[in-house]
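What follows is a single structure, written as structure tokens, with notes after it.
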Amino acid sequence: MAILMEGRVAADRLRDLLKKEVASLTAKHKRRPELRCVTIGCNAAASVYLKSQARVAQELGIGHAIVDLPEEIRSDALFAEIARLNADPSVTGIMIQCPLPAGISLEAAVSSILPAKDAEGLHPENLGRIILGEGRITPCTAQACMELLHYYQIPLRGKDAVVVGHSSIVGKPLSLLLLKEFATTTVCHIATSEARRLEDNIRRAEVLIVAVGKPRLIKGEWIRPGAVVIDVGINKCEDILVGDVEFETAGKKASHITPVPGGVGPLTVMLLMRNVCELFKESLKTEP
Ligand code: NDP
């Protein structure tokens, strides 16, 4: 059976590092990093995530507050609220919790956050910096995958890495982060499946990262022997959570594999907080 790549273990190391860094910055500058999470008509799934955010922020000494807006809010009122947070010097980072009501575009909302306060790294300017290889604030889930690869000391240079899924928050930024580390990176998407080429690509992957959201899309028998498999997918199936990869069969062929849940997930919140810490350090550079 493959080695389990557990997000919690990697998150513990990061927690210790961040806790020390936040304590030292707070003592030196007499104020702490502050995250504001904008929610609109918060649902049950989002409120679970928000509770975990608040708990992690408290453990690290980062301020955290929810700005809960009414479900019927119009785009212009949302933008006015974001402008208020942009202008508030005590606010370090801002994020917008999905899902948003129909009629409010996530892209437009995220683009209205100042890039210097964009806690999730989703502003077009921060996403663009990843192409230049200089992105410091990058999307948390993509970072979480890289963090797992680093924690488990997986070599990437010259390796065949295959990413399945090309969303702006996971697949695309992740493929650029892999490229930055000189992995030979292939990105698969719906048209790869339509062309019946998904299996061929999976079979040659030395590092496979799947972020699709379709239960057990990737068959265990397709996994290359010794491959490293990161399954980002979270799907509810008959009351249990499963990933996008057939875990049992894939685990017999892979050298390393993430469990679902317990793989990428536990790291994501910690990396959001690392982004807030990075934004705080950047903001201190421009203070008089
Ligand atoms: P999106 O729905 O935005 O993107 C899914 C991607 O998968 C798209 O690029 C889509 O391609 C591609 N795709 C869909 N069907 C196929 C197929 N049959 N073959 C190949 N590619 C396909 O999802 P996200 O990127 O936001 O999230 C992906 C998964 O990761 C979800 O399960 C989500 O819950 C999970 N997730 C987990 C997180 C964590 O912390 N663990 C955080 C964020 C997400 P196309 O656009 O061309 O159709």
Side-chain angles (χ1 to χ4, degrees), residues 4-11 14 37 43-46 48-53 55-56 95-100 105-107 110 119-122 127 130 138-149 151 161-178 185-205 208-219 222-223 229-237 240-247 257-275:
L4 278 188
M5 301 171 89
E6 294 187 79
R8 225 168 291 282
V9 183
L14 207 50
C37 180
N43 70 6
V48 171
Y49 182 58
L50 292 173
K51 273 192 196 134
S52 124
Q53 255 181 32
R55 182 180 43 78
V56 175
M95 63 162 286
I96 296 176
Q97 181 62 49
C98 286
L100 295 180
S105 135
L106 178 64
E107 285 73 23
V110 168
E120 291 192 293
L122 298 176
L127 286 176
I130 308 177
T138 48
C140 311
T141 310
Q143 269 194 68
C145 296
M146 297 308 291
E147 195 66 29
L148 270 180
L149 292 169
Y151 184 83
V162 173
V163 178
V164 188
H166 66 150
S167 70
S168 308
I169 64 166
V170 191
K172 279 202 189 88
L174 178 61
S175 64
L176 291 168
L177 295 176
L178 288 164
T185 306
T186 304
V187 184
C188 301
H189 38 70
I190 191 69
T192 318
S193 283
E194 285 164 3
R196 298 182 181 276
R197 296 208 172 133
L198 189 60
E199 179 180 340
D200 293 348
N201 279 286
I202 305 299
R203 282 192 183 276
R204 58 177 190 75
L208 171 67
I209 309 186
V210 187
V212 171
K214 291 199 173 152
R216 303 179 184 116
L217 172 74
I218 308 298
K219 307 299 169 214
W222 298 355
I223 302 298
V229 179
I230 296 187
D231 189 352
V232 181
I234 306 176
N235 311 287
K236 201 160 186 194
C237 249
I240 57 159
L241 292 181
V242 299
D244 293 342
V245 179
E246 274 183 357
F247 179 80
I257 191 166
T258 53
V260 175
V264 175
L267 267 168
T268 314
V269 178
M270 207 55 76
L271 289 161
L272 171 69
M273 299 304 160
R274 182 164 78 183
N275 275 353

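The figures here come from the full heavy-atom set of this structure, side chains too, leaving out hydrogens, waters and symmetry mates. Counting convention: from 1, in listed order, for ligands and their atoms alike. Predicted model only: the values in this text are computed from it and were never measured.
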All heavy atoms of C188 vs all of V162, minimum pair found to be SG-CG1, 3.8 Å
Identify which of L198, V212, V170, I190 has a heavy atom lying nearest to atom 23 (O) of ligand 1. V212
Output yes when a side-chain donor or acceptor of N235 lies under 3.5 Å from a complementary backbone atom of G243, and no otherwise. yes
What protein heavy atom is closest to atom 31 (C) of ligand 1, reported as residue, atom name and distance in Å? G213 CA, 3.7 Å
Please confirm whether G265 approaches ligand 1 to less than 4.0 Å, judged on its heavy atoms. yes
R204 atom CZ, neighbour heavy-atom count above 12 within 6.0 Å: yes
Taking only non-hydrogen atoms of I169 and a 4.0 Å limit, the atoms of ligand 1 in range are 26 (O)
Could I get the full list of salt bridge (charged side-chain N to carboxylate O under 4.0 Å, His left out) partners for E199, not counting sequence neighbours? R203
Counting heavy atoms only, which of G7, S167, A144 is nearest atom 3 (O) of ligand 1? S167
Using heavy atoms and a threshold below 4.0 Å, how should the contact between S193 and ligand 1 be classified: side chain, backbone, both, or neither? side chain
What distance do Y151 atom OH and L14 atom CG have between them, rounded to the nearest 0.5 Å? 11.0 Å
Can you report which non-hydrogen protein atom sits closest to atom 40 (O) of ligand 1, along with the distance? T268 OG1, 3.0 Å
Please verify whether a non-hydrogen atom of T141 lies at under 4.0 Å from ligand 1. yes
Using a 3.5 Å distance criterion without hydrogens, assess whether the side chain of D231 forms a donor-acceptor pair with backbone atoms of P259. no
Minimum heavy-atom separation for L267 and G7, please, with both atom names. CG-O, 3.7 Å
Is the contact between V232 and ligand 1 made by the side chain, the backbone, both, or neither, using heavy atoms and a 4.0 Å cut-off? both
In the protein, what heavy atom is nearest to atom 10 (C) of ligand 1, and what distance, to one decimal place, separates them? H166 CD2, 4.3 Å
Could an N or O of ligand 1 be found under 3.5 Å from any N or O of I234, whether backbone or side chain? yes
Go through the structure and list residues passing side chain to side chain donor-acceptor pair (under 3.5 Å) with E120, not counting sequence neighbours. none
Among A142, G263, C145, G165, which one puts a heavy atom closest to atom 12 (C) of ligand 1? G165
Minimum heavy-atom distance A119-C140, with the two atoms named: O-SG, 4.5 Å
With nothing but distance in play, are any N or O atoms of D244 less than 3.5 Å from an N or O of ligand 1? no
For atom 21 (N) of ligand 1, which of the options H189, K236, K214 provides the nearest non-hydrogen atom? H189
